[in-house]
Peer 1: 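One structure coming up, written as structure tokens, with questions to follow.
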Amino acid sequence: MKPMGALPPEFADQQGMLTIAGRSAEEWAAEAGDTPVFVYDGAIVAARIARFRAAFSDVDLHYAIKANPLPALLAAIAPLVDGLDIASAGELHRAIAVKPAVAITFAGPGKRDDELTVAIGAGVTLNVESEGEAARAIAIGERLGIRPRLAVRVNPDIELRGSGMRMGGRPSPFGVDAVRAAALVRAIVEAGADWRGFHLYAGSQALDAQAIVETQAATIALAARLAEEAGASPPLVNLGGGFGIPYFAGDRSLAVEEIGAALRIALADRPPVLRDTRFAIELGRWLVAEAGIYLTRIVDRKESGGEVFLVVDGGLNHQLAASGNFGTVVRRNYPLALARAIDGAAIETVSVVGPLCTPLDRLGDRISLPPAQVGDLIAIFLAGAYGASASPADFLGHPPAAELLANSH
Ligand SMILES: *Cc1c(COP(=O)(O)O)cnc(C)c1O
């Protein structure tokens, strides 16, 4: 038997049966008309945002929409956050439908000229990732007769300790190296563009509050040093995010209140060059991952070599991350449960596999569950981030999963 992560507390205590926003898994499957289905509880997302607000005073909150760009969810989140962070023209169209352009920032390497044109035309802020991209944006702004809003993404010489996915402190396609950032700011200012500040992103999926506290302090110091060097005060410093969630056995949820308290002190003591600067934190998974559940039905129950396999109608084509093939080195089990008996005695060791013809399509590897039969629903938790939109939906030609937004308010 192998361990799995803990069920998110919002779902763990429902008198034995999984309920999402007050309705059973079967009711959600009926509402979708079929399985598999992703259900996202908007009330859990709203509670996350409220928790952030309570922990962080006077710091802007941005939602990185790539974590979950479902339009209905975006519409629910947009009024509750200060900004939306996007990374493509496709995401721009979704963001601009729910948020004014001044509150949208566009990061990501390899922005095409047509994407820059749409973004500058709309008045979105570009986090430029290179000198070349800045030059293209300035030229496009001149052609359009619009002063482009440009922030400089810095590849920080800082790494986020314990981060699941490090994105700083080494050669990187993201941002310009810190040693060249001030020169790029000067070039942007001299070209007459509207310089919006710095974007510094050091990593993702960190569960150690102290590591994030250290990274934020180092990020503020770096932003101050670069601003001094550039001779200009940044209107905004985006400190990145990296708040992780507990996916696996032994993971503990992040103490965001500790981070907020430390950041308040760090900002109170900030260097004078940052006195009038606003600060933002950009979060994806921490806001939405735990609000989502992927429901999939058992199609077959079989035995091989003494092991039980529950074959379900959903797989890595919808929920790649749960199969361990999205950003993890070692495959570990996401929390999952039998929806009609989430507290039932877990007396059977089973593997939950999808219908795809590849051994990678394994959603639960030798986990303990109550006895489950064909027709039962399996719930896979932590499906609110990097699920449907981060999975190879066309692989093997099954239909896409439905996605539903629940709201218990
Ligand atoms: C992906 C990404 C995020 C969101 O990361 P999470 O781990 O989901 O919080 C934030 N900022 C940038 C620049 C990103 O690329």
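Note that the structure is a prediction, hence the values are computed from the model and not measured. Numbers here simply count residues along the sequence, with the first being 1. Both ligands and their constituent atoms are indexed starting at 1 by order of listing. All values below were derived from every heavy atom in this structure, side-chain atoms included, with hydrogens, water molecules and symmetry-related copies excluded.
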Peer 1: Check whether any heavy atom of Trp286 sits under 4.0 Å from an atom of ligand 1.
Peer 2: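 Per 4.0 Å heavy-atom rule, Trp286 does not contact ligand 1.
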
Peer 1: With heavy atoms only and a cut-off of under 4.0 Å, state how Phe174 meets ligand 1: side chain, backbone, both or neither.
Peer 2: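 Within the 4.0 Å criterion, Phe174 makes no contact with ligand 1.
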
Peer 1: Looking at residues at least two apart in the chain, or sitting in another chain, which of them share a ring-ring contact (aromatic ring centres under 6.0 Å, His included) with Trp28?
Peer 2: none

Peer 1: Can you find an N or O of Phe243 that's nearer than 3.5 Å to an N or O of ligand 1?
Peer 2: no

Peer 1: Only pairs at least two apart or in different chains count here, so list each side chain to side chain donor-acceptor pair (under 3.5 Å) that has a residue in residues 116-125.
Peer 2: Thr125-Arg149

Peer 1: Which atoms from ligand 1 have a heavy atom of Tyr386 less than 4.0 Å away?
Peer 2: 1 (C), 4 (C), 5 (O), 6 (P), 8 (O)

Peer 1: Angle between ring planes, Tyr334 versus Tyr247, binned at 30° and 60°: parallel, tilted or perpendicular?
Peer 2: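 Judged by the thresholds at 30° and 60°, the geometry between Tyr334 and Tyr247 is tilted.
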
Peer 1: What part of Ala64, side chain from CB on, backbone N/CA/C/O, both or neither, has a heavy atom under 4.0 Å from ligand 1?
Peer 2: side chain

Peer 1: Is there a donor-acceptor contact under 3.5 Å from the side chain of Glu91 to the main chain of Ala87?
Peer 2: yes

Peer 1: Which of the numbered atoms in ligand 1 are below 4.0 angstrom from a heavy atom of His199?
Peer 2: 13 (C)

Peer 1: Are Tyr201 and Phe174 close enough that their ring centres sit under 6.0 Å apart?
Peer 2: no

Peer 1: Show which atoms of ligand 1 fall inside a sub-4.0 Å distance from at least one heavy-atom site of Ser204.
Peer 2: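 Counting atoms of ligand 1 from 1, those under 4.0 Å from Ser204 are 5 (O), 6 (P), 7 (O).
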
Peer 1: Please determine if Arg285 has a nitrogen or oxygen closer than 3.5 Å to a nitrogen or oxygen of ligand 1.
Peer 2: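 Between Arg285 and ligand 1, an N or O pair is found under 3.5 Å apart.
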
Peer 1: How long is the gap from CD1 on Ile49 to CD1 on Ile44, to the nearest 0.5 Å?
Peer 2: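 Interatomic distance, Ile49 CD1 to Ile44 CD1, rounded to 0.5 Å: 12.5 Å.
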
